[in-house]
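When reading the values below, keep in mind they use all heavy atoms of this one structure, side chains included, and skip hydrogens, waters and symmetry mates. Both counts, for ligands and for their atoms, begin at 1 and track the order of listing.
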Amino acid sequence: MLKVSIIGASGYAGAQLTALVHQHPVMQLKGLYVSASSADAGKLFTQVAGEYRHFPDLPLEPLCQSGCGALADSSDLVFLCTPHQFSHDVMPQLINKQAKIFDLSGAYRLPDLDTFAAFYGFANQHPSIQQKAVYGLAEWFADDIANTSLVAVPGCYPTASLTGLLPLQRTGLLDTAFRPVINAVSGVTGAGRKASLTTSFCEVSLQAYGVLSHRHTPEIESYLDHQVIFTPHLGNFKRGILATITAKLNPEVTANDVEQAFLRHYRHQPLVRLTSAFPKVDDVVNSPFADVHWQVDEQSHYVVIGCAIDNLLKGAASQAMQCANLAFDLPPTQGLLP
Ligand SMILES: NC(=O)C1=CN([C@@H]2O[C@H](COP(=O)(O)OP(=O)(O)OC[C@H]3O[C@@H](n4cnc5c(N)ncnc54)[C@H](OP(=O)(O)O)[C@@H]3O)[C@@H](O)[C@H]2O)C=CC1
Ligand SMILES: CC(=O)N[C@@H](CCC(=O)OP(=O)(O)O)C(=O)O
């Protein structure tokens, strides 16, 4: 059995990952961790995450940064479900040890360090670690993921946006003179478990935020190799993301070309479902799937693409597990599909 440690296990993404590891046939939970000063330190995971009350009793152990090296030496996998700054700071102690590291934060997703500093508000001090990190968009970078010991698991909006756009971009169907326009709505779990006024029950009402400034814009652009206009919205539902993307196609592109591009890239990908109608959030919530549909207007040469995912699963924990499966040469859907 592969020994797994999860740091940030009391958070929304960490609890999902804990559940996925628990049901994985060849992984076992070695330890669950929170910060040294956490109000949850010493509590049982089952006390903090009530939906998993039937799980075995595992404590949420307080973790000091100095204890991370030993953790990485005694685990096969370490998942970081922690804030960006913590993942950034702790990484030198985790890498080059026994464990492969899967970081769900944005700390090592952006190869351009100036862009990183501008969007994250702190500098990436570890360029040599950044060079080793592989972007964990599982359907697109499987070979690299299989051969690395550090995976930067993508953000939730970039997962939905890139899943919808990459088949067209990689096939050369997009008109490079126009930026695809991505409008995406996320449930409130996307903001994490920590209380804040903007995510409190009485305050949330469908609204755009981070307009022309969200840190997921450069993440999408880095891996699409194309500039975009990305507008996230916060919706008054718990989980799920719906991205609706409008893009300009080259003049000679037909509806059949677009269909072939999606089929070629996703026909053999079990976790991307090409649906017969525009996807619904409810169809993917609590599942590891990305649902994708599109419609082409051959007169105007525009395509509208819809992609729905569960932000906590395909947008975080289940994609991290897909990457872990790839990194350990296991079937990519192991522990994710019955
Ligand atoms: N929510 C989502 O949809 C997505 C989230 N992500 C990313 O995944 C990561 C986790 O997100 P999410 O679960 O939403 O966040 P939460 O705020 O819900 O959870 C954060 C977790 O990290 C722990 N933590 C915080 N500081 C430390 C520390 N210094 N040492 C150890 N543990 C610490 C927290 O526990 P405590 O503070 O009690 O110590 C908690 O368990 C973030 O980087 C986020 O950006 C990525 C994609 C989607
Ligand atoms: C609704 C909401 O607030 N969503 C988060 C994105 C969550 C995510 O993908 O996380 P990363 O921070 O790891 O990129 C946001 O907009 O900041």
Side-chain angles (χ1 to χ4, degrees), residues 5-18 31-43 45 48-49 60-68 71 78-90 93-94 102-110 116 119-121 135-137 151-162 184-196 198-199 204 206-211 213-220 230-243 285 309-320:
S5 296
I6 300 179
I7 310 180
S10 67
Y12 286 153
Q16 288 289 310
L17 209 31
T18 301
L32 303 178
Y33 301 92
V34 290
S35 60
S37 57
S38 173
D40 294 322
K43 291 183 187 168
F45 173 72
V48 172
L60 293 165
E61 298 175 49
L63 183 71
C64 294
Q65 223 163 293
S66 58
C68 286
L71 192 72
V78 173
F79 289 101
L80 287 166
C81 306
T82 44
H84 314 299
Q85 179 90 54
F86 176 82
S87 290
H88 167 269
D89 293 352
V90 82
Q93 291 161 59
L94 291 173
F102 302 85
D103 179 19
L104 279 73
S105 87
Y108 292 96
R109 291 182 199 145
L110 287 184
F116 179 86
F119 280 86
Y120 282 78
Y135 192 61
L137 193 64
V151 175
V153 182
C156 48
Y157 290 119
T159 295
S161 306
L162 291 166
V185 186
S186 171
V188 185
T189 52
R193 180 165 172 255
K194 215 171 187 170
S196 86
T198 47
T199 56
V204 176
L206 183 56
Q207 187 185 23
Y209 67 100
V211 177
S213 61
H214 196 280
R215 67 186 181 287
H216 286 172
T217 300
E219 185 178 330
I220 297 165
F230 165 61
T231 309
H233 299 68
L234 187 65
N236 59 350
F237 52 96
K238 287 188 180 177
R239 53 198 288 173
I241 284 184
L242 181 67
V285 162
I309 60 169
D310 184 324
N311 56 296
L312 293 178
L313 287 169
K314 183 63 179 164
S318 69
Q319 178 141 258

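Of all atoms in ligand 2, listed by their number and element, those nearer than 4.0 Å to a heavy atom of Y157 are 16 (O). Near G155, meaning under 4.0 Å from one of its heavy atoms, ligand 2 places the atoms 9 (O), 14 (O). Taking every heavy atom of S186 and a limit of under 4.0 angstrom, the matching atoms of ligand 2 come to 1 (C).
The distance criterion of under 3.5 Å between nitrogen or oxygen atoms is not met by A191 with respect to ligand 1. Between D40 and ligand 1, no N or O atom pair is found at a separation short of 3.5 Å. In terms of N/O distances under 3.5 Å, ligand 1 is not approached by I7.
Contact analysis puts F86 in contact with ligand 1, with a non-hydrogen atom separation below 4.0 angstrom. For the ligand labelled ligand 1, residue G106 lies outside the 4.0 Å heavy-atom shell. Ligand 2 lies less than 4.0 angstrom from a heavy atom belonging to L104. Under a 4.0 Å heavy-atom criterion, L312 is in contact with ligand 1.
With hydrogens left out, the protein atom closest to atom 21 (C) of ligand 1 is C81 O, 3.4 Å, a heavy atom. Looking from atom 9 (O) of ligand 2 to the surrounding protein, the closest heavy atom is C156 SG, 2.6 Å. The protein heavy-atom contact nearest to atom 14 (O) of ligand 2 is H216 NE2, 2.4 Å. Of the protein's non-hydrogen atoms, H214 NE2, 3.5 Å is the one closest to atom 15 (C) of ligand 2. Of all protein heavy atoms, the one lying nearest to atom 2 (C) of ligand 2 is Y209 OH, 3.2 Å. Protein heavy atom at the shortest distance from atom 12 (O) of ligand 2 is R215 NH2, 2.3 Å. For atom 13 (O) of ligand 2, the closest heavy atom belonging to the protein is R109 NH2, 2.7 Å. Residue, atom and distance of the protein heavy atom nearest to atom 4 (N) of ligand 2 are G190 O, 3.2 Å. At the top of the distance list for atom 37 (O) of ligand 1, counting protein heavy atoms only, stands S35 OG, 4.0 Å.
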Full working for side chain to side chain contact (heavy atoms under 4.5 Å, CB included) between R109 and Y120: CA-CA 11 Å; R109 291 182 199 145; Y120 282 78; 4.0 Å; yes

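Under the ring-ring contact (aromatic ring centres under 6.0 Å, His included) criterion, F230 pairs with Y157, H214, not counting sequence neighbours.
When all heavy atoms are compared, the tightest approach of T159 to P154 is OG1-CB, 3.5 Å. C156 and H216 get closest at one heavy-atom pair: N-CE1, 4.2 Å. When all heavy atoms of F102 and A320 are compared, the closest pair comes out as CD2-O, 4.2 Å.
Between V48 and R193, the closest side-chain pair of non-hydrogen atoms falls below 4.5 Å. Looking at L104 and L80, their side chains never come closer than 4.5 Å, going by heavy atoms from C-beta outward.
Using modelled atom types and a 3.5 Å distance limit, the side chains of S186 and N311 yield no donor-acceptor pair. A donor and an acceptor atom, one from each side chain of S38 and S35, are nowhere located under 3.5 Å apart.
In the displayed structure, Q65 atom CD is contacted under 6.0 Å by more than 12 heavy atoms of other residues, nucleotides or ligands.
In this structure, E219 contributes its side chain and L110 its backbone to no donor-acceptor pair below 3.5 Å. Listed for the H88 side chain is no donor-acceptor partner under 3.5 Å among the backbone atoms of A107.
Residue contacts with ligand 1 for T189 involve N, CA, C or O but no side-chain atom from C-beta outward (heavy atoms, distance under 4.0 Å).
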